[in-house]
Amino acid sequence: MYSLQQHSPSPLHLTLLKTSKTHLDTTQLHAFAVKTNLIQHTSLSSRLVSLYADPEINNLRYARSVFDQIQDPSLVLHNLIIKCYVFNQQSHEAIALFRDLLGKSLLPDNFTLPCVIKGCARLNAVEEGKQIHGLVLKLGFGLDKFVSSSFVSLYAKCGEMGLARKAFDVMDENDLVSWNSLIDGYAKCGEVGVAMELFDEMPERDLFSWTCLVDGFSKCGKVEFAREIFDRMPNKNLVSWNAMINGYMKSGDIESARVLFNEMEVRNLITWNAMIAGFESNGRFKEAFELFETMLDGDIVPNDATLVSILSAISGLASLSKGRWVHSYMVKNGFLVHGVLGTLLIQMYSRCGSIESALIVFRSIPKKKVGHWTAIIVGLGMHGLVDDGRKYFDKMINDYGIEPTVEHYGCLVDILCRTGHLEEAKSIIESMPMRPNTVILMSLLSGARNHGNKDIGEYAAHHLINVAPDTSGCYVVLSNMYAAAGEWEKVSQVREMMKKRGFKKDPGCSSIEHRGVVHEFIVGDKSHPQTNDIYSKLDEMRNKLKSAGHVPDTTQVLLCIEDEEEKEEELENHSERLAIAFGLTNVEPGRPIRIMKNLRVCNDCHSVTKLLSGIYNREIIVRDNSRFHHFKNGTCSCKDFW
DNA sequence: CTAGGGTTAG
């Protein structure tokens with residue numbers, strides 16, 4: 001190893017560095033050039049740009065900074081940087097530089113154009129692509145093989161099949177790449193017939209073309225066609241198998257995906273990620289996590305994409321211990337939390353019930369982006385830390401100059417509704433720059449119910465039914481509100497509406513994690529190995545609640561049950577009660593019981609859990625479908641607003 | 001000082 005600081009430059013050095021392609025050598029050449037002021041020579045600085053922009057070295061930041069110091073950089077240098085931007089998924093920067101280039105009255109050539117067009121394709125920027133197309137025709141590159149096939153690919157990727165076809169037909173001679181781009185486009189649009197016809201017309205088909213069809217049909221949800229092609233393929237490679245697995249996962253056919261996965265002799269990281277992401281997106285969180293463990297046992301190294309799926313899966317499982325374990329794995333293995341992984345960690349911790357850990361992660365992120373702010377504000381909202389939520393919202397806008405999105409407004413509205421500032425919440429909804437979504441309107445409606453404001457309740461319900469007529473929760477809350485106001489006629493009107501629209505409730509399901517195992521309970525569940533213990537604990541709970549003076553609140557057992565005793569029984573078997581009974585029997589005294597539930601906690605369960613937290617002197621943390629409830633000493637963190 | 005356009009996970 002030599003050091004340029006200690007040796008004077010010799011021709012030998014320069015020759016060595018000219019042929020070298022490592023990052024270290026390049027930075028040494030860079031340092032040398034700066035020190036000796038040779039960087040002023042365009043030939044040397046140009047060489048540096050090309051080295052830094054080389055895919056092997058790929059140091060975009062250095063490439064750009066050297067480039068920026070060159071007076072009147074040549075077209076070739078522009079081409080290098082543009083290509084490097086596209087390679088590094090920063091196509092908007094590539095296009096910005098392309099515009100600079102035109103502004104400098106430099107003309108793009110047949111090297112520039114395919115790169116810029118590819119950048120447009122990456123960004124789905126079909127309008128910009130069309131403008132460039134006009135320029136291409138003016139400059140006379142319309143017949144260039146690479147330029148025109150780039151347009152076929154761009155239009156096909158953007159779903160503009162008419163234009164793709166035109167660009168294809170204009171070509172002198174269609175090579176394999178242009179055929180594949182076109183077929184890929186038709187397949188992804190679901191044009192099975194056209195895609196197959198073209199495929200049959202192709203002069204030669206290699207592996208690539210077959211895989212385009214498998215992937216295209218998978219992506220547009222025609223998984224049975226994808227499988228047909230897959231079975232007919234003369235040869236298959238990893239990409240074909242992965243595309244097929246992905247197709248099954250997208251269509252929700254997890255079993256078929258698993259069968260393929262097991263049949264595979266060779267798998268790569270993409271295979272594992274496709275499976276894990278597939279489990280996660282289909283709500284099979286437990287299996288996603290188990291596969292992740294299998295992967296690590298097999299010494300396969302995960303990447304960011306794997307962790308994105310795994311953190312989401314853990315959020316779904318609400319398993320704090322698994323979350324902590326994965327977080328420490330990430331720290332040990334050098335995963336950076338600055339980008340999307342930071343967002344997911346914050347989300348994971350707040351959804352697993354530890355807002356404290358979420359805050360620690362949030363504070364540790366040096367350059368916070370919108371996603372981080374959203375995650376922490378949503379988290380604080382879920383946990384009912386009201387003042388903090390408001391504080392972070394203001395801080396984000398005023399100190400960091402970040403434009404709030406609909407989600408941020410949602411949190412603010414939620415906070416205002418919780419504290420009874422309903423008019424203010426309503427006026428924020430009316431003045432925010434975007435249309436209110438279901439979540440915001442539900443917050444307002446629930447707030448109106450809890451604070452007995454019928455006018456605002458009806459206002460919110462009216463808008464909700466317009467925005468999302470399928471939201472059953474809206475009718476439930478509205479009916480609760482009328483019931484509380486004693487307007488029984490309106491209550492029955494709402495129930496009629498629900499019946500007419502055919503709403504059926506999902507069965508309630510709660511889960512609790514104990515010693516690394518997730519235990520699931522549905523309403524009236526008797527399948528757990530400890531069922532006897534659980535039901536005798538339920539008996540004990542019922543007696544203690546009775547002596548504490550609890551009267552079951554059956555007003556929310558809405559639809560099908562008429563008999564009063566049956567109503568009470570239904571309540572007693574709600575899934576969260578089973579989970580609490582399990583928790584009281586199994587979780588070590590003094591440790592909190594953490595439960596996750598798929599539906600909103602009902603009124604009666606909420607007041608029962610408050611009482612139980614006092615009676616058994618236990619902290620009980622329940623995550624329902626919208627927020628966390630920290631029950632302690634007979635009260636709840638949501639202050640009875642949820 | 002460039003060597004280009006088509007398929008798989010997020």
Check the distance between B/dA9's P and A/Ile300's CD1 and give it to me in whole angstrom. 18 Å

Mind calculating the distance between CG (A/Leu75) and P (B/dC1) to the nearest angstrom? 16 Å

According to a strict under-4.0 Å criterion, is A/Lys83 in side-chain N/O contact with OP1 or OP2 of B/dA3? yes

With sequence neighbours left out, which residue pairs that include part of residues 160-206 of chain A fulfil the ring pair (Phe, Tyr, Trp, His ring centres under 6.0 Å) condition? A/Phe168-A/Trp179, A/Phe199-A/Trp210

Reckon A/Asp215 touches a base, only the sugar-phosphate, or nothing at all at heavy-atom distances under 4.0 Å? sugar-phosphate

Which nucleotide in the list B/dT7, B/dC1, B/dA9 gets nearest to the side chain of A/Asn303? B/dA9

Interatomic distance where CE belongs to A/Met295 and C1' belongs to B/dA9 [whole Å]: 10 Å

How would you label the contact of A/Val76 with the nucleic acid (heavy atoms, under 4.0 Å): base, sugar-phosphate, or nothing? base

Integer-rounded Å distance: B/dA9 C1' and A/Glu280 CD: 13 Å

Mind checking if A/Asp144 touches a base, just sugar-phosphate, or nothing, with heavy atoms under 4.0 Å? nothing

Which of B/dC1, B/dT8, B/dG10 is nearest the side chain of A/Leu77? It is B/dC1

From the candidates B/dG6, B/dT8, B/dT2, the one with an atom nearest any side-chain atom of A/Asp109 is B/dT2

Presence of A/Lys188 side-chain N/O under 4.0 Å of B/dT7 phosphate oxygens OP1/OP2: no

Could you tell me how far apart A/Leu38 (CG) and B/dC1 (C1') are, to the nearest whole angstrom? 17 Å

Stretch residues 221-251 of chain A: residues that reach within less than 4.0 Å of DNA chain B through a heavy atom: A/Val239, A/Asn242, A/Asn246

A/Lys145 with A/Glu173: basic N within carboxylate O range, under 4.0 Å: no

Just say parallel, tilted or perpendicular for the rings of A/Tyr62 and A/Tyr52, cut-offs at 30° and 60°. perpendicular

Measure from the side chain of A/Val177, starting at C-beta and using heavy atoms only, and say which of B/dG10, B/dG6, B/dA9 lies closest. B/dG6

Aromatic stack A/Phe111/B/dA3: centroid gap under 5.5 Å, interplanar angle under 30°: no

Which residues share a salt bridge (charged side-chain N to carboxylate O under 4.0 Å, His left out) with A/Lys219, sequence neighbours left out: A/Asp215

Using salt bridge (charged side-chain N to carboxylate O under 4.0 Å, His left out) as the criterion, list what pairs up with A/Arg227, not counting sequence neighbours. A/Asp231

Nearest to the side chain of A/Thr211, heavy atoms from C-beta on, is which of B/dG6, B/dC1, B/dT7? B/dT7

Test of understanding: with salt bridge (charged side-chain N to carboxylate O under 4.0 Å, His left out), list the residues that count as partners of A/Arg64, not counting sequence neighbours. A/Asp68

Among the nucleotides B/dT7, B/dC1, B/dA9, which one has an atom lying closest to any side-chain atom of A/Leu80? B/dC1

Send over the distance from A/Arg122 CZ to B/dG6 C1', rounded to a whole Å. 12 Å

Contacts of A/Asp200 meeting salt bridge (charged side-chain N to carboxylate O under 4.0 Å, His left out) (sequence neighbours excluded), chain-then-number -> A/Arg205

Any donor-acceptor pair under 3.5 Å joining the side chain of A/Asn268 to the base of B/dA9? no

Taken to the nearest whole Å, CG/A/Leu106 to P/B/dT2 is 18 Å

Taking the inter-plane angle between the rings of A/Phe289 and A/Phe292 on a 0 to 90° scale, is it parallel (under 30°), tilted (30 to 60°) or perpendicular (over 60°)? tilted

Ignoring backbone atoms, establish whether A/Lys145 has a side-chain N or O less than 4.0 Å from OP1 or OP2 of B/dA3. no

Whichever of A/Gln89 and A/Cys212 has the more 5' nearest nucleotide on DNA chain B, that residue is A/Cys212

Using atom CG of A/Leu51 as one end and atom C1' of B/dT2 as the other, report the distance to the nearest whole Å. 13 Å

